[in-house]
Amino acid sequence: MSHLVIAPLLVPLLAGIALLLLGLTLSSPARRTLSLAAVWVQLLLAIELWHLTSGGVVLVYHLGNWPPPWGIVLVADRLTSWMLVLTALLALFALLDAFRGTDRAGCHFHPLFHWQLFGVNGAFLTGDLFNLFVFFEVLLSASYALLIHGGGTERVRAGLQFVVINLVGSTLFLFAAGTFYGLLGTLNLADLALKIAQIPADDQGPVRAAAFLLFTVFALKAALAPLHLWLPPAYAATSAPVAAFFAIMTKVGAYALLRIETLFFGDNAGPLSGLYDDWLLILGLISLVLGALGALAATALRQQIAHLTVASVGLVFVAFGVETRASIAAGLYYLTHSTLVTAAFFLLADPIARNRDSLADRLAPGPALAQAGLLGGLFVVIAILVVGLPPLSGFIGKLGILSAALDTGDWPWIFGVILFSSLIALLALARSGTLLFLHRRPAVMEGRDHPKPIPGYLPWPTLGLLMLALALTIGAGWMLDAAQALAGQLCDAGDYLHAVLQVDRP
Amino acid sequence: MNRWLPHPFLSLLLAFIWVLLANSLSPGQIALGVLLGWLIPLFTSRFWPERTIIHHPLTLLGFVLIVCGDILIANVQVAWLIIRGPRHIRPAFVVVPLDLRSEIGISLLANTISLTPGTVSSWLSPDRRFLVVQGLDVPDPEALVAVIKRRYETPLRKVFESC
Amino acid sequence: MLKIALALAFALVGGAIALNLWRLITGPSALDRILALDTLYVNAIALLVLLGIHLDSALYFEAALLIAMMGFVGTVALCKYLLRGDIIE
Amino acid sequence: MAEYLLAALILSGGLFTFIGSLGLVRMPDFYTRLHGPTKATTLGVGSLLIASMLHFSTRESGLSFHEVLVTLFLFITAPVSAHLLSKAALHLRLPSSVRLPRLVIETEQNDGQVNRP
Amino acid sequence: MEALLSLMIGTLTAGGVYLLLRARSFAVVLGLALLSYAVNLFLFASGRLILGAPPIIDPRAGQYTDPLPQALVLTAIVIGFAMTAFVIVLALKAYVELNSDHVDGRTDQEL
Amino acid sequence: MSLLFTILLPLFGAPTAFWASRFGRIKSAWTAGIITSGAVLCLVTEIPSVAAGQTLLWHLEWVPMLGVDLDLRLDGLGLLFALLILAIGLLVILYARYYLPERDDLGRFYAYLLFFMGAMLGIVLSENLILMLVFWELTSLSSFLLISYSYRKRESRQGARMALAITGMGGLALLGGILLLGEVAGSHQLSAVLVRGEAVRADPLYIPLLILILLGVFTKSAQCPFHFWLPRAMVAPTPVSAYLHSATMVKAGIFLLARLFPVLSGTTAWTWLVMGAGLVTLLFGAWIALFKHDLKGLLAYSTISHLGLITLLLGMGTPLAAVAAVFHVFNHATFKASLFMAAGIIDHECGTRDMRRINGLWRFMPYTGTLAMVAAASMAGVPLFNGFLSKEMFFAETANFATGLDHGWLLPLLVVIAGALAVAYSLRFIHDVFFNGTPVDLPRMPHEPPFWMKVPAAVLVGACLLVGIVPEVTVDPILRLAAGSVLQGPLPEFDLGIWHGFELPVVMSLTALLAGVFLYALRRRLFRLAARLERRIDAGILYERSLAELRLFAAWITRRLDGSSLQQRLLFLLLAALALGTWGFVGASAPLLGSRILMPIDGMSLMITAGFILVILTTLGLQKQRFTALIVVGALGLLVSLVFVKFSAPDLALTQLVVEIVTIVLLLLALYFLPQQSPDEPGRVRVGRDALVACAFGLGTGLLSMSILTRPFTPISGYFLDNSLPKGGGANVVNVILVDFRGFDTLGEITVLALAALAIHALLKGLRLPGLTRDNEGRPWNWDLHPVIMAVLSRLLLPLALLVAVFILLRGHNAPGGGFIAGLISAVALILQYLSNGVTWTHQRLSGNMLPPIGAGLLLASLTGLASLWFGHPFLTSAFIHVHWPIVGDFELVSAMLFDLGVYLVVVGATLLILIQLGGMHRATHPGKRG
């Protein structure tokens, strides 16, 4: 049993502990070095794990040496490793950005950050329903703390709502988990999948109810409409690196939905197969429209980005809802793209806001920005990525989803909504871009109020994320092939079941 | 008696309690009890500002027995009062002047009063010279004060203040 | 014999709990409710002990012990709140 | 014999517990209500604990005395809560059927300055 | 008996939800507490109800109740406690920052 | 390969030009010029093979899964367009160098221009349709940048955004259309698509894909009703207009129409849609153009009109019409670019473009005037200029086309009217500007521009003349090549001669010329008429209004959904859960209850349940008096733990009990700083609604629980019961599950606890609050800070409690207990010291820094798990041994105990940290005596 599977959990956990214990004695640079080193190690581990699983092997780790379904298992397949790599990459850049001062704005940034990673990685790796709940709690409680890190009225206000909503979500999760256990008598995901496939007709009612409770919970985490309302204020209020890293949080919900959808209710999952598909599609389309409209209505840049995040999540779910291999592959590609780009956008919004003094990121004519060329250029590139204009990765992802949607009967709707929302996003970003970079406040043009460039600021983390997006564009062929293989493994689910329980699907 | 054994009586008590807790007289448990009885006071000694010395253990034992007996009787009395109903009670507040000085002594007296029949120690004056006791059925306040002082305060003074 | 006694005792303790709840619900003052809560704790000990005898199991003893030891902390904190507001000062 | 004793103890325990709570409901003011629970329950729980001791000592291999601990803890803690409840009641001037002592009233009014009676 | 427990769970949930929907942070915290009682009982009940058969291995015992839900509930209680603590502190902080204990940070004049 | 360079040179040259501007504005122009020339060179090398009739293809794989590859193609059509783009581009670069004012940032301008040029070349050289779309969108984007070049002007920003929005919308529609086309044709490769015309036209998807593609085409080529962005884009500097609206941007649509001509044309739908749009645009554009007072406005509308003309030609679908269309593309590019340049010169020299003020310029700039006149004549279709040739072909084709139709006379008539209008506005351009009296109040005194500024226009005018006079020599070869690749088949017979005899087209041309002159003569009367009409038919205003409406709608729906109210969000969540859960349940039509035999109800349980429910209701009733509600909730917690006791869960009961106590203390600490009462809520309806939701939700969970409890099941937990003692080394199965079977959950759980503690620590650090000085009812606080009796007994209790905690910790593996409960007991015992003796007193005896224990506990727990890796077992594998000690006897050592110790430490640390932080917030001086 390769310990590599658990390494992505142990590294952040121990790093968090070390940073907590040494936090008071170590100097700030030493802390940063340690923190960064831990993230690098995670990245390497994740890449190695991808390397191991990309051939189609599913790695299973029996925690405590107890065999499944009794013990908790960690399962690493292609999807898991993919998400782990993405998380580590995102963490790397978010952390680098945090070094610009966010980590010193309050206490315990580094332990919180690493434990958040612990939670996220755990949610990706675990193969147990209740353990998934526990990891959700870990990542959520870390996120609560990170959200309000640095303090301030807005953050506290947004934080309170975020926390309460998510606590209710956790309660629903427990209701769902309890129902699953109470009817099927197990918690292991693979075992649950087997039992769901053989569920007698009389027991379907409560199981379906639990399935939809779980759906609600994951949809909430993933910010699927109409449960997306918590996201904009929360993401708009928090600090830039945290918001950037939060880009992965909605993806955890998306991951969980995808996992459950394919494992429990996949193509050959017995009477309940395809339970989520329609809902995913419909709610995805609604999120897409609402997110785009929200972006158009936004009065501040971060708010706009947050709404665009909702839209991007919606698009991912449209892809998952179509539920063909091609669509899931495209959806994952788009998910990866949107995670990186949203993060880059949040990181960019910060210097823009800081450049505009009291106006901050409000979408109103303001003073000429220092470094307007640089920031504006980055803004244009990111806008292209977000709207999905060619030739960058956003376009490719959207294209993939559109062409996969052609295989379904619903394509006119899907086409219509996706294209319409893209147009709205385009209008929204054109508006905000013009307001932020081109439209000057008259008084300022007279030169009374000279903007001060942020000393020494070069948006390296943003640039880094954009480089990744560029790599995603250039390597799109390769990425999509990998995603296709991944989707194949996911849709079949046989590998997973076999690896965990050594049984084949009946 | 010193740094290494700050409260021998407490240590003994703890070892005894441990054996009770474990509900077993096996040598292992006794050893563990002694160990803990030594360790815990060591850790908590800082929480005990003054050292409490028990001067007359036998008097203490007698006191405990008297109190237990009083509790038994009192319970029956109070039960009867409750059953008969509120119309038959004569509640009153009684001020008991204290001769006890030590905190532990006062506390134990107050506790005893509260535990025994129909009386609750309600209030201690800021200078710790008066204890106000509330009685459920007090035909004669003076007598109650006298009983408290004689029956409870005297032995406690003897044990904790060695006059 | 024992069974009947146990059944009766259960009924009595149950009744006691009901009375406590009555006081808890009706009040009138906050202190009455605290008192009811405190009594509820003590009655819970009685219930646990009875249950222990009834089931012939010592497993409920710790619960009783804990209530005896910790139950009053709640009461103390609540009273302190009424007295001082700030309970840790 | 032991069984009868046990039954009697259990019954009396139950009875005292009940009466204690009855006092909680029947008594007219807070100060008098305070007596029922803190006392009757002491004996109620006490007899039940003795019953339990007896029961387990006769049943199991060894003696069972750990119930003493419950009593011990109750004896330490119950009066403290009674004292604080009563003190709080005096502080809040909960209505009483009898007059409060002058000492208490004046001291409370003077914020802890004692006037000798 | 099962019906009684279900009734309790239902009532607790209803109470929790009602309190959650009150606009004040303290009520919301109480609501969350009620909800967590409810869900703990629910999770616990998913192992079915048995009297007098605690999951402690004992040669004399004939049957045991399902231990797994108990372990899950224990975890859930701890997590619930941690979250209650956090949310009440956050509510307090919000009250200090916003000068209102309305969960949306609105002052009474705005309502 | 050189094809790739043709595109890449300008694309990647853009940053170079930007960078070059550091060294002076001229350098930037030179860089741009050299880069463009390079691209021309690359293209020219390929001309011979294209001339030989070959179609050059070049392939590089990109995203094969989506059928998107970097495939380039060069054939006649592409060559014609590419040459136009590059040639006019080169001229514009030269022109702009003189046109743009000194202070302007030429680097930025040339960078945008080159970028645009590259994108445009990409469109015309793409073999893959999606790749073409990529470049298509890039032109939209770069034109946005170009139009917003002088962004300080409001019109600039608006015009740019409008252009982006309209062409962007078209691009998205086009994306849909192309995807459908690819689906129908089975490939995105042009070569494959071009030969599948039959199949495509027969497919049921033909109509939707045609509409989508045409949307793209019409928006880009400014066809009615999407034309309005074009005049507004005229705010761009004139070189931009000259480039975008003569040869490039707007021609992209035409290009695509021509490209897909063999695939899509020939159906009724095509004819109606394309011809209809073309005809309307032709007439409408020409009509408006006549009345524009702005020089560039006139040109803009004439551009629209000419684009309509070309569209109309392509819409006819006949081979000869297609040839004419291609020809007119070329001609229009030449004369329109030169006209824009001339307009630019005039604007540059006069400082205004208002034709009501610019009059009689002939005297000041005769050379420019000559150039403009030639170009305008070409635009009007005067013989000997190139416009005449293509226009005559156009007349001929319309006449031909109309012969077989009902009302066939209508089309030629309309076309002639359009021609007359064209003559009229061309005349106006010449007569109004160069003659017609003297200038009115010009900002500047006009004179001839620098020589090099006139050169580009002169070159283009020269081309007009050459083509107009000797078409056979100049334009014939390339026209045949281009037309050949449009038709993808044999070319029709045609002759580019100037004179074909006195036939119908000539008659139409002459009629148009005469009528045009007549119209111009009548212009003053017509102006008044137009002024009235103009405002009514401006689609741009409609667009602006609908955009505003859209934004209002977006704002409305966003606000509507989200009043930033937690209640509303929660309500959504709860209702969603309820609705989905119910839907899930009902959808299966399974029975609500199962068949399991239930436990009988006993009286005591019934009573406690009743009490329980009453207590809940009391909580709800009292919730506004917070302190009281808290007491009641405390009782509720106790009752819950009694339920656990009843149903055989001693561990849970213990935990619930202690947690309840800590929670009460916690809430009390917080409550002190919060308002003591909740205000009354507004609205009975709200309360009713919430109560309804709550009841529904409660009913749902109750029923769900019932439906589970009544069903039999076979859980996996038999394994735990069987293996707990032999393999886990503990008799308390719950604890063995917690620290061993599912120890990982516990690790996560203590992390959550530690996180909460850290979060609270971070939140409250440095927060100091003034407390209340009086209680709820206005009474002062009691004087007694630390009642002696309580203080003394609490101290006494501490060692006892710690002893019990150790006991509970040690026995947890075999009997109810464990690290968590033990930790809470210790924490409560310590908190009791704070409660009864105060912070200061306790801190003299106990370090308040609780972070080390938390970290140490987590570390211990993780290290215990890690230790098993050392022995080659997975993380958290437990081990236990029985040790026999001499006196002590048998003693069991379980590694899980160390884990539990870790849990203990975290719990103590976290709980104390939380409570101390909260308790330490109040640092105002207390009235009263210090204990």
Side-chain angles (χ1 to χ4, degrees), chain E residues 1-4 6-15 17-21 23-24 26-27 30 33 37-38 41-42 44-46 49-57 64-68 70-71 73-75 77-79 81-82 84-86 88-89 92-93 95-96 101 103-104 108 111, chain F residues 565-567 570 598-599 601 605 609 612-613 616 620 623 626 629 633 640 647-652 655 659 663 666-667 670 673-675 678 690-691 694-695 697-699 701-702 705-706 708-709 715 717 720-721 724-725 731-734 737-738 742 745 749 752-753 756 759-760 763 820 914:
Chain E
M1 205 68 97
E2 278 83 356
L4 290 184
S6 299
L7 191 62
M8 281 191 200
I9 293 170
T11 324
L12 274 173
T13 316
V17 168
Y18 180 78
L19 285 179
L20 267 182
L21 293 174
R24 302 289 158 170
F26 195 79
L30 288 188
Y37 293 149
L41 284 177
F42 182 86
F44 171 67
S46 71
L49 308 178
I50 302 185
L51 298 180
I56 309 237
I57 303 296
Y64 301 102
T65 181
D66 190 341
L68 188 55
Q70 296 196 13
V73 174
L74 212 57
T75 307
I77 291 179
V78 179
I79 291 177
F81 165 67
T84 309
F86 181 68
I88 187 72
V89 171
L92 180 57
K93 180 89 173 178
Y95 176 62
V96 173
D101 73 329
V103 277
D104 303 330
D108 291 328
L111 287 172
Chain F
S565 137
L566 177 65
Q567 265 60 49
L570 277 177
L598 302 183
M599 224 185 286
I601 296 174
S605 309
T609 310
F612 195 92
I613 288 167
I616 296 171
L620 301 187
Q623 55 102 359
R626 298 178 169 184
V633 169
V640 170
F647 297 113
S648 327
D651 277 286
L652 286 183
T655 314
V659 165
T663 309
L666 186 79
L667 292 183
F673 299 103
L674 290 172
S678 302
D690 292 350
C695 288
F697 214 76
L699 191 69
T701 48
S705 127
M706 204 52 200
I708 294 168
L709 285 172
S717 34
F720 301 127
L721 294 167
S724 176
L725 203 51
N732 182 0
V733 188
V734 174
I737 291 176
L738 280 176
R742 297 183 68 91
D745 276 349
E749 159 205 323
V752 172
L753 200 55
I760 290 171
L763 255 183
F820 185 72
I914 294 168

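Residue numbers begin at 1 in each chain, while the letters A, B, ... track the order of the sequences. We use all heavy atoms of the structure for the numbers below, so side chains are in, but hydrogens, waters and symmetry mates are not.
With chain F as partner, the option from E:I9, E:L51, E:L41 having the largest number of non-hydrogen pairs under 4.5 angstrom is E:L51. Note: F:I760 leads F:N732, F:L699, F:I760 in heavy-atom pairs under 4.5 Å with chain E. Comparing E:A53, E:P67, E:A45 by heavy-atom pairs within less than 4.5 Å of chain F, the highest count is held by E:P67. For the set F:L725, F:D745, F:L674, the entry with the most heavy-atom pairs within less than 4.5 Å of chain E is F:L674. Chain E forms more heavy-atom pairs under 4.5 Å with one residue of F:V659, F:D651, F:V733, F:T663 than with any other, namely F:V733. When each of E:T65, E:D66, E:L19 is scored by its heavy-atom pairs under 4.5 Å with chain F, the top score falls to E:D66. Residue with the most contacts toward chain E among F:A691, F:G702, F:P675: F:P675 (heavy-atom pairs, distance under 4.5 Å). Among E:V73, E:V17, E:I56, the residue making the largest number of heavy-atom pairs under 4.5 Å with chain F is E:I56. Ranked by heavy-atom pairs under 4.5 Å with chain F, the first of E:A3, E:A27, E:A38 is E:A3. No other option in F:T609, F:V752, F:D690 has as many heavy-atom pairs under 4.5 Å with chain E as F:D690. Note on E:T11, E:I50, E:V78, E:I77: by heavy-atom pairs under 4.5 Å with chain F, the leading option is E:V78. Interface summary for chain E: among F:I737, F:L753, F:L652, F:L738, the most heavy-atom pairs under 4.5 angstrom belong to F:L652.
Here E:F44 contributes atom CZ and F:S705 contributes atom OG; the two are 12.0 Å apart, rounded to the nearest 0.5 Å. Atom OG1 of E:T84 sits about 7.5 Å away from atom CG of F:L667, to the nearest 0.5 Å. Atom OH of E:Y37 and atom CZ of F:F612 lie 8.5 Å apart (nearest 0.5 Å). Taking NZ of E:K93 as the start and CD1 of E:I88 as the end, the distance is 15.0 Å to the nearest 0.5 Å. Going from atom CD of E:Q70 over to atom OG1 of E:T75 covers 11.5 Å, rounded to the nearest 0.5 Å.
Within the 4.5 Å cutoff, no side-chain heavy atoms of F:S717 are placed close to those of E:Y64. Here the side chains of F:P715 and E:L68 are not in contact, with every heavy-atom distance at 4.5 Å or above.
A pairwise comparison of heavy atoms in F:T655 and E:L74 identifies OG1-CD1, 3.0 Å as the closest pair. Nearest approach of E:P54 to F:P650, heavy atoms of both residues: CB-CD, 3.8 Å. Annotation for E:S46 and F:I708: closest pair CA-CG2, 4.5 Å, computed over non-hydrogen atoms.
Of the atoms belonging to F:L598, heavy atoms from both backbone and side chain fall under 4.5 Å from chain E. Both the backbone and the side chain of E:L49 come within contact range of chain F, judged by heavy atoms closer than 4.5 Å. Only the side chain of E:V96 comes within contact range of chain F, judged by heavy atoms closer than 4.5 Å. Of the two parts of F:F673, the backbone and the side chain both hold a non-hydrogen atom closer than 4.5 Å to a non-hydrogen atom of chain E. Only the side chain of E:F42 comes within less than 4.5 Å of a heavy atom in chain F; its backbone stays farther off. The contact between F:R626 and chain E is made by backbone and side chain atoms together, counting heavy-atom distances below 4.5 Å. Both the backbone and the side chain of F:L721 come within less than 4.5 Å of a heavy atom of chain E. Using a 4.5 Å cut-off between heavy atoms, F:F647 contacts chain E through both its backbone and its side chain.
Using a 3.5 Å distance cut-off with no hydrogens or angles, the side chains of E:T13 and F:T701 do pair a donor with an acceptor.
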Derivation of the side-chain contact (heavy atoms from CB on, under 4.5 Å) call for F:I914 and F:L666: CA-CA 8 Å; F:I914 294 168; F:L666 186 79; 3.5 Å; yes

